[in-house]
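Just below is one structure, and these are the notes that go with it.
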There are 2 protein chains.
Amino acid sequence: MIRQSTEIRQEQIKSAVLDIIFTDGLKNLSTRNLAKRIGMSEGAIFRHFTSKQEIILAIIKDVKREFIGSLRMIANSKKTPESRLKSLLCATVKYLTDNKGITMLLFSEATSNNDTILKASLQEIFNTQKKLVSKIILDGIASGQWDENIPVENIAMLYMGIPVSLNIELVLSYGEFHADNFCSKMMILMLKLLNK
Amino acid sequence: MIRQSTEIRQEQIKSAVLDIIFTDGLKNLSTRNLAKRIGMSEGAIFRHFTSKQEIILAIIKDVKREFIGSLRMIANSKKTPESRLKSLLCATVKYLTDNKGITMLLFSEATSNNDTILKASLQEIFNTQKKLVSKIILDGIASGQWDENIPVENIAMLYMGIPVSLNIELVLSYGEFHADNFCSKMMILMLKLLNK
DNA sequence: CATATAAGTAAGTATTTGCTTGCAAATATA
DNA sequence: TATATTTGCAAGCAAATACTTACTTATATG
């Protein structure tokens, strides 16, 4: 195989990991399989990552930077709480449907290994989203638009159920679940909960 | 080891599977590990189940009978829709917190293997719950108590997010998540969605 | 009591796993 | 151009995997 820089190979490897997980399941994510899918030797993989575990951690790092990073931007923008909440929800739905392998990776790997680092990462990703939602809701209450008596924590928890159950639908329906206007529909429900 | 009937051994084995998954993760669910936890030889396991896969399927069968069965009873009872919905929700929360290993098993195993039979079983479990919720909501609308303009399907989807995100909390918090009145709190939110 | 069956074990099996080794060739740097 | 570093590969490693085999012992049944 033609020589490539570590940077390029690392991206290829990470991408192949997600591909394999989505098409064949986590159990078939062996370094042998991974090498075959890319078309390189198994040994070459270990030139670019020191271990299989390190590949997973690199992917999670990407998620934190790309996905959680963009959610933070949305939550902290200058728009109205309602607009921010909708953007947050729709961005989440889009990310999940566009990156189906990632969530399968996160959940399966975290629960498969009972790995402390992985679990902590997943917890951070989960909790950050919840905090961003809580913050937006509190802003909406402070601005007088939303009901001040609503239990913010509980609504944030209920909110988190949206991406999570979407995930399950995606996994179970072999990616065929088509979420037309899914985020708009869910947003209508959220507003009914939040309004006075 | 003292001799026991297949019936007793099968229960022991299934129970040990859930125990291992919850404490050590799915990856450590080997037949070797399983035998060690029960205190029997590895070969003996294969006296009572023909394969490891068959153990998983037996557990899923249990879930369908015990858990889904009881939810059906609740949904079809003579009580008011509100009372039935609350019972359904609380029974689900209780089952999940009491059987933490089961949901980890279902999701991890289904996504790990990309196994058709497992996925179909999980899908059935998921969809049955959604249908029961939809049915109760429709009853509540028919009785005039709940808003006839609510999007039943979407609310059922949002409802499913409750047990699912509870699951994630349980997995990530190493079982320490304490859900005091969790179902009551969520029920309050559901009612705000359903009421006129 | 005799015998068939069910439940147990220790020690295998072949296969798969993550990862290493020894060496070749491409590329960067002096 | 000479040398050092990086990227590649084929082959091999020990450990783990699900499951089998050959044989023993307990229990139920005629």
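Numbered from 1 within each chain, the chains take letters A, B, ... in sequence-line order.
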Presence of [X] side-chain N/O under 4.0 Å of [N] phosphate oxygens OP1/OP2:
| X | N | value |
| --- | --- | --- |
| A:Arg32 | C:dT15 | no |
| A:Thr6 | D:dT6 | no |
| B:Ser41 | C:dG8 | no |
| A:Arg9 | D:dT6 | no |

Euclidean distance, atom [atom1] of residue [X] to atom [atom2] of [N] [Å, nearest integer]:
| X | N | atom1 | atom2 | value |
| --- | --- | --- | --- | --- |
| B:Ile20 | D:dA18 | CD1 | P | 10 Å |
| B:Met40 | C:dA6 | CE | P | 16 Å |
| A:Lys36 | D:dG8 | NZ | C1' | 19 Å |
| A:His48 | C:dT20 | NE2 | P | 15 Å |
| A:Glu54 | C:dC19 | CD | C1' | 13 Å |
| B:Ile56 | D:dC19 | CD1 | P | 11 Å |
| A:Phe46 | D:dC9 | CZ | C1' | 14 Å |
| B:Leu34 | C:dG8 | CG | C1' | 16 Å |

Donor + acceptor pair across side chains of B:Ser15, B:Arg37 (<3.5 Å): no

A:Glu54 CD to A:Ile13 CD1 distance, which is reported to the nearest 0.5 Å: 10.0 Å

Earlier contact from the 5' end, DNA chain C, for A:Gly43 and A:Asn28: A:Asn28

Are the side chains of [X] and [Y] in touch, meaning some heavy atoms are under 4.5 Å apart?
| X | Y | value |
| --- | --- | --- |
| A:Thr97 | A:Phe182 | no |
| B:Leu34 | B:Ile55 | yes |
| A:Leu194 | A:Ile141 | no |

Pair of N/O donor and acceptor under 3.5 Å linking D:dC19 base with B:Glu42 side chain: yes

Any N/O donor-acceptor pair, B:Arg3 side-chain to C:dG8 base, under 3.5 Å: no

Nearest-nucleotide pick for A:Arg47, side chain only, options being C:dG22, C:dG8, C:dG18: C:dG22

Shortest side-chain distance from A:Met1, nucleotide among D:dC9, C:dT17, D:dC19: D:dC9

Name the nucleic acid region contacted by [X], choosing base, sugar-phosphate or nothing; use a 4.0 angstrom heavy-atom cut-off, strictly under.
| X | answer |
| --- | --- |
| B:Thr31 | base |
| A:Gln4 | sugar-phosphate |
| A:Ile45 | nothing |
| B:Leu29 | sugar-phosphate |

CD (A:Glu148) with more than 12 external heavy atoms under 6.0 Å: no

